[in-house]
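Notes to accompany the following structure.
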There are 2 protein chains.
Amino acid sequence: MLKLSRLADYAIVILVKLGEQDGVVTSPALAAITGVPEPTVAKVLKVLSAHGFVLSQRGAKGGYRLARSLADMSVASVIAAVDGQIALTACVGGRECDTGLSCGLCGSWDVINTAIRSTLEGISLESMRPKEACSTVLTQINKLNATQTVREGA
Amino acid sequence: MLKLSRLADYAIVILVKLGEQDGVVTSPALAAITGVPEPTVAKVLKVLSAHGFVLSQRGAKGGYRLARSLADMSVASVIAAVDGQIALTACVGGRECDTGLSCGLCGSWDVINTAIRSTLEGISLESMRPKEACSTVLTQINKLNATQTVREGA
DNA sequence: CGAAACAGGACCATTCAGGTCTTTAATTAG
DNA sequence: CTAATTAAAGACCTGAATGGTCCTGTTTCG
């Protein structure tokens with residue numbers, strides 16, 4: 001479904017939340033703030049730390065803090081860090097597809113990949129912050145939940 | 001990795017290849033042309049038929065042909081047909097995220113989803129065709145890479 | 001009537017993402 | 001110096017879903 005991995009989703013949320021805190025924050029604290037299970041938060045933070053998005057401080061009184069401003073982090077870079085390079089298909093950058101094969105679509109896929117990538121690069125984490133629009137959205141949500149039957153599924 | 005499902009990939013290739021043939025083409029024939037295993041080709045074609053991308057003719061001498069021009073099919077529509085609506089995250093269109101939860105990013109994701117979607121809607125299957133289009137495409141890529149400011153980050 | 005080919009499922013299997021746990025190392029507090 | 005706290009690193013399990021196969025109709029042509 002061309003969907004984002006949940007880890008990447010978490011990473012964005014965690015970074016944004018982390019940016020709203022003062023000083024260093026422990027992963028249990030972030031877990032509490034975000035609602036994401038603690039071990040998972042820790043895992044994501046380790047990846048983010050390895051890629052230079054956050055700075056870590058070990059030991060007692062340790063924790064994490066942003067390595068730079070949210071405005072300087074693009075959605076694309078976070079996704080790339082967590083999930084690997086954004087590549088819709090196998091045959092990217094002249095690399096041949098899985099099998100033989102006769103797809104012959106050349107670099108056509110590259111156009112798509114580039115387009116998606118630049119789209120996501122143009123969106124900073126700063127622009128993902130809630131803002132005042134939130135209230136409006138929450139109202140909509142409540143309205144939706146009230147009116148429509150939740151076709152949950154399972 | 002924000003990757004396209006293989007079925008959607010196949011669908012695009014199949015449609016493009018089908019557009020290059022004359023008359024109706026059987027699924028075994030398309031399998032031979034594309035290199036994709038026949039049962040899978042058949043499955044994809046059934047989905048495409050159900051969504052009106054191809055017209056089918058049953059019985060002996062039957063087969064498939066395009067329902068309309070490749071120029072009238074967007075990459076987005078094909079992906080949506082095969083994989084379902086394009087939605088990077090769970091919380092889209094006011095629907096709340098998985099758990100509780102305090103992500104609070106509200107409709108921020110909608111911006112991204114819309115951006116991706118419109119990007120893919122702007123690319124027709126016609127522009128995915130190989131040949132002379134290839135050079136043009138490469139030019140586009142270079143232009144994109146040159147013009148846009150890469151606020152990479154990592 | 002029989003062969004060819006689509007229609008529409010059911011169904012299995014493999015992959016991999018998501019998540020948990022354990023151990024180790026670093027840092028600070030007492 | 002010792003103990004407590006917390007990140008680092010990685011092994012490992014599980015479950016969902018994608019990818020792929022197959023089977024049983026149904027239609028159409030020869």
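Below, read A as the first sequence line, B as the second, and so on, with proteins coming before strands; counting in each chain starts at 1.
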Proximity to the side chain of [X] - top-ranked nucleotide from [options]:
X       : options                : value
A:Tyr64 : D:dA7, D:dG30, D:dT28  : D:dA7
A:Ala60 : D:dT28, C:dT28, D:dG19 : C:dT28
B:Ser5  : D:dC29, D:dT18, C:dC6  : D:dT18
A:Thr26 : C:dG18, D:dA7, C:dA4   : D:dA7
A:Arg6  : C:dG18, C:dC6, D:dT28  : C:dG18
A:Ser27 : C:dG19, D:dA7, C:dC6   : D:dA7

Would you mind reading off the distance between A:Asp9 atom CG and C:dG18 atom C1', rounded to a whole angstrom?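 Answer to the nearest Å: 13 Å.
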
Find the distance A:Arg58:CZ to D:dA7:P and express it as a whole number of Å.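 Rounding to the nearest Å, CZ of A:Arg58 and P of D:dA7 are 10 Å apart.
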
When you measure from the side-chain N and O atoms of [X] to the phosphate of [N], is any distance below 4.0 Å, counting only OP1 and OP2?
X       : N      : answer
A:Thr40 : C:dT20 : yes
A:Ser56 : D:dT6  : no
A:Tyr10 : C:dG19 : yes

Nearest-nucleotide check on DNA chain D, A:Gly62 vs A:Ala50; residue mapping nearer the 5' end is A:Gly62

If we only count heavy atoms from C-beta on, is the B:Met128 to A:Ile112 side-chain gap below 4.5 Å? yes

How close do B:Leu15 and B:Leu70 get, counting heavy atoms only, and between which atoms?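 In this case the closest contact between B:Leu15 and B:Leu70 is O-CD2, 3.7 Å.
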
Would you name the heavy atoms of A:Thr34 and A:Val13 that are closest together and state the gap between them? CG2-CG1, 4.2 Å

Distance criterion of 3.5 Å, no angle test: do you see the side chain of B:Lys61 paired donor-to-acceptor with the base of D:dG30? no

